[in-house]
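Below is one structure, written out as structure tokens; the observations come after it.
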Amino acid sequence: MRVYVSRRYHLSASHRLHAESLSADANREAYGKCNNPYGHGHNYVVEVTFSGDVDPQTGMVADLAQLDQFARQHVLARFDHANLNTLDEFSGVVPTTENFAVVLHGIFAAFAHPGLEKVHVEETENNSFDYAGAGDWPGGGTL
Ligand code: NI
């Protein structure tokens with residue numbers, strides 16, 4: 001039996017989309033207003049999904065109180081009200097929400113539950129991104 005559990009977190013952060021490897025013109029063309037020098041903010045919704053057996057004793061797939069504590073410590077404390085461009089995770093990596101989803105997946109993979117399925121990040125009402133692992137991190141390292 002496999003049951004899926006998802007939990008949502010809200011955080012606000014700013015970013016500027018700018019690739020060092022592209023010219024100023026190419027950056028403006030690729031990112032439009034998102035390339036403006038002073039950046040802009042989003043109210044992100046981060047939804048993480050785990051799956052697994054229902055524990056016969058607790059009736060639960062994952063301990064959400066422990067997950068909340070983990071998310072507060074490793075996600076909200078780090079990214080809420082941060083400028084993503086200034087963080088080590090995005091050194092040499094454009095802080096698009098695609099890449100943010102990859103970073104968050106790497107963090108949630110360290111939570112003490114083996115069944116991480118995916119991370120879903122909503123950037124706006126109309127944009128959302130999902131990462132389910134198994135990809136190569138564009139910064140060159142592994143998370
Ligand atoms: Ni943006």
Side-chain angles (χ1 to χ4, degrees), residues 1-55 58 60-143:
M1 177 167 58
R2 177 168 292 265
V3 175
Y4 294 76
V5 57
S6 297
R7 186 83 166 154
R8 289 162 81 86
Y9 300 97
H10 298 79
L11 65 94
S12 301
S14 66
H15 68 174
R16 179 199 183 200
L17 303 185
H18 181 87
E20 294 296 337
S21 56
L22 297 176
S23 69
D25 282 348
N27 267 294
R28 272 193 295 274
E29 190 172 319
Y31 301 120
K33 284 192 296 188
C34 298
N35 184 240
N36 285 353
Y38 298 110
H40 59 275
H42 291 287
N43 295 317
Y44 292 98
V45 178
V46 174
E47 184 178 283
V48 61
T49 302
F50 290 87
S51 74
D53 289 325
V54 176
D55 183 296
T58 66
M60 300 192 303
V61 169
D63 185 324
L64 294 183
Q66 279 180 16
L67 181 60
D68 286 353
Q69 190 181 4
F70 181 92
R72 272 196 300 274
Q73 187 177 351
H74 298 285
V75 174
L76 301 179
R78 177 130 186 92
F79 299 107
D80 191 26
H81 289 74
N83 175 348
L84 299 182
N85 296 73
T86 65
L87 302 180
D88 289 347
E89 288 87 342
F90 296 102
S91 168
V93 175
V94 184
T96 58
T97 305
E98 290 91 326
N99 282 331
F100 195 23
V102 175
V103 165
L104 291 166
H105 187 280
I107 292 170
F108 279 113
F111 179 61
H113 187 289
L116 176 60
E117 289 288 341
K118 71 178 172 88
V119 171
H120 167 85
V121 185
E122 295 173 15
E123 179 186 53
T124 69
E125 217 173 278
N126 298 319
N127 295 351
S128 65
F129 304 86
D130 293 85
Y131 184 62
D136 292 323
W137 175 234
T142 49
L143 289 170

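Every number for a ligand or one of its atoms is a count from 1 in the order of the listing. Side chains included, hydrogens not; waters and symmetry mates left out as well; all remaining heavy atoms used.
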Checklist entry - Should the pair His42 and His40 be assigned to parallel (<30°), tilted (30 to 60°) or perpendicular (>60°) ring geometry? => result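 Plane angle over 60°, so perpendicular.
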
Next on the checklist: Is the ring pair Phe108/Phe70 parallel, tilted or perpendicular, if the boundaries are 30 and 60 degrees?
Outcome noted: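 The rings of Phe108 and Phe70 sit tilted, inter-plane angle from 30° to 60°.
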
Checklist entry - Are side-chain heavy atoms of Phe100 and Glu123 found at a separation under 4.5 Å? => result no

Checklist entry - Donor-acceptor pair, Asp80 side chain versus Ser12 backbone, under 3.5 Å? => result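 A pair under 3.5 Å: yes.
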
Item to check | Protein N/O/S neighbour count - the Ni ion (ligand 1), strictly under 2.8 Å | outcome: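 Atoms of protein N, O or S type lying less than 2.8 Å from the Ni ion (ligand 1) total 3.
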
Checklist entry - After noting the C-alpha distance and the side-chain angles of Phe111 and Phe50, does the key distance pass the ring pair (Phe, Tyr, Trp, His ring centres under 6.0 Å) rule? => result CA-CA 10 Å; Phe111 179 61; Phe50 290 87; 5.5 Å; yes

Checklist entry - Does the side chain of Asn85 pick up a donor-acceptor pair with the side chain of His15 at under 3.5 Å? => result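 Note: Asn85 and His15 side chains miss the donor-acceptor criterion.
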
